[in-house]
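The basis for the numbers below is simple: all heavy atoms, side chains too, and nothing from hydrogens, waters or symmetry mates.
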Amino acid sequence: MKKRTRNAAYSQTLPRLIVLVTCFLAGAVIGSFFAANMSGAALAYVEGYISGTGLALGRFDGAEIAIALDFVLLACAAASAFFRFGAAVPPVVLAAKGFLLSVPVTAFIGAFGMRGYLAAFPVAFLGGFLSVAAMVPVAAQSFNASLEQRGARHARRLPDRTYLLTCAVCAGVTALASLLSVFLTPVMSRAAFNLMM
């Protein structure tokens with residue numbers, strides 16, 4: 001009986017995870033097309049990133065905007081588990097994260113050709129990898145919870161303490177990714193840029 005229940009849970013979880021991963025990849029592809037069409041703006045973006053200033057938008061720089069967006073996306077994914085029709089939020093959150101992560105990587109490659117992979121590596125795999133690794137468990141659990149609530153005809157079942165603990169741990173990992181993005185990633189990208197020149 002336990003084996004049958006485990007197989008049923010697996011058969012529901014795997015297609016849902018495939019939907020989330022597909023949305024992330026679709027966002028990354030769209031972001032790559034967007035950044036590839038920036039032409040001269042890609043070099044200006046990369047130079048600003050390497051110099052440590054990033055993108056400026058009003059009184060906020062690019063790092064502050066990226067950190068705020070990561071926490072907003074994580075909070076949206078976490079909150080969607082509490083709503084019956086929140087199932088649309090986690091795929092959108094992961095698509096947005098894929099978009100935001102692919103833009104700087106594609107800009108580096110657009111500015112420096114294939115050598116841009118070296119300079120883009122810290123952007124994608126330090127803060128980016130950690131923030132995606134923090135978003136996926138929250139998005140997957142909230143996606144499952146909101147889909148299960150949609151099918152329930154009786155009282156809603158709210159997420160349990162395990163879900164709240166997962167959200168807290170993932171918020172901590174997102175904070176660590178933010179610290180890496182602000183302090184370590186520009187330095188490593190600058191070092192990689194100097195190696196290429």
Over all atoms of both residues, closest heavy-atom pair of S142 and A139:
OG-O, 3.1 Å
Within residues 18-30 or reaching into it, pairs that qualify as salt bridge (charged side-chain N to carboxylate O under 4.0 Å, His left out) - sequence neighbours excluded:
none
Donor-acceptor pairs are to be reported for all side-chain atoms of residues 163-178 against protein atoms at under 3.5 Å, with residues two or more places apart or in another chain.
{"unit_1": "Y163", "atom_1": "OH", "unit_2": "A78", "atom_2": "O", "d": "2.7"}
{"unit_1": "T166", "atom_1": "OG1", "unit_2": "T162", "atom_2": "O", "d": "2.9"}
{"unit_1": "T174", "atom_1": "OG1", "unit_2": "C170", "atom_2": "O", "d": "2.8"}
{"unit_1": "S178", "atom_1": "OG", "unit_2": "T174", "atom_2": "O", "d": "2.8"}

To check you understand the geometry: which heavy-atom pair defines the closest contact between A96 and L73, and what is its length?
CB-CD2, 4.0 Å
Residues 14-26 vs salt bridge (charged side-chain N to carboxylate O under 4.0 Å, His left out), sequence neighbours excluded, gives none
If Ile, Leu, Val, Met, Phe, Trp and Tyr residues are connected whenever their side-chain heavy atoms lie under 4.5 Å apart, and connections chain through other members, are F34 and V93 in the same group?
yes
Remaining members of L17's ILVMFWY cluster at a side-chain heavy-atom cut-off under 4.5 Å?
none
So, taking the atom named CE in M135 and the one named SG in C76, what distance separates them when rounded to the nearest 0.5 Å?
9.5 Å
With sequence neighbours excluded, residues passing ring pair (Phe, Tyr, Trp, His ring centres under 6.0 Å) with F33
none
Can you name the closest pair of heavy atoms from L101 and G128 and give their distance?
CD1-CA, 3.6 Å
Quick one: which residue pairs count as a salt bridge (charged side-chain N to carboxylate O under 4.0 Å, His left out) with a foot in residues 126-138, not counting sequence neighbours?
none
According to a hydrophobic-cluster definition based on side-chain heavy atoms being under 4.5 Å apart (Ile, Leu, Val, Met, Phe, Trp, Tyr only), do V92 and L74 belong together?
no
Between S102 and F99, is there a donor-acceptor pair closer than 3.5 Å when you use the side chain of the first and the backbone of the second?
yes
Per the salt bridge (charged side-chain N to carboxylate O under 4.0 Å, His left out) rule, what does the pair list look like for residues 88-102, sequence neighbours excluded?
D70-K97
Identify every side-chain donor-acceptor pair in residues 18-25 under 3.5 Å, counting partners at least two apart or on other chains, and give the distances.
{"unit_1": "T22", "atom_1": "OG1", "unit_2": "I18", "atom_2": "O", "d": "2.7"}

On a heavy-atom basis, the closest approach of T106 and S32 is OG1-OG, 3.2 Å
Between CZ of F143 and CG of L94, what distance do you get to the nearest 0.5 Å?
10.0 Å
Check the pair S146, S80 against side-chain hydrogen bond (donor to acceptor under 3.5 Å, both in side chains), reporting the backbone distance first and the verdict last.
CA-CA 7 Å; S146 56; S80 69; 5.2 Å; no
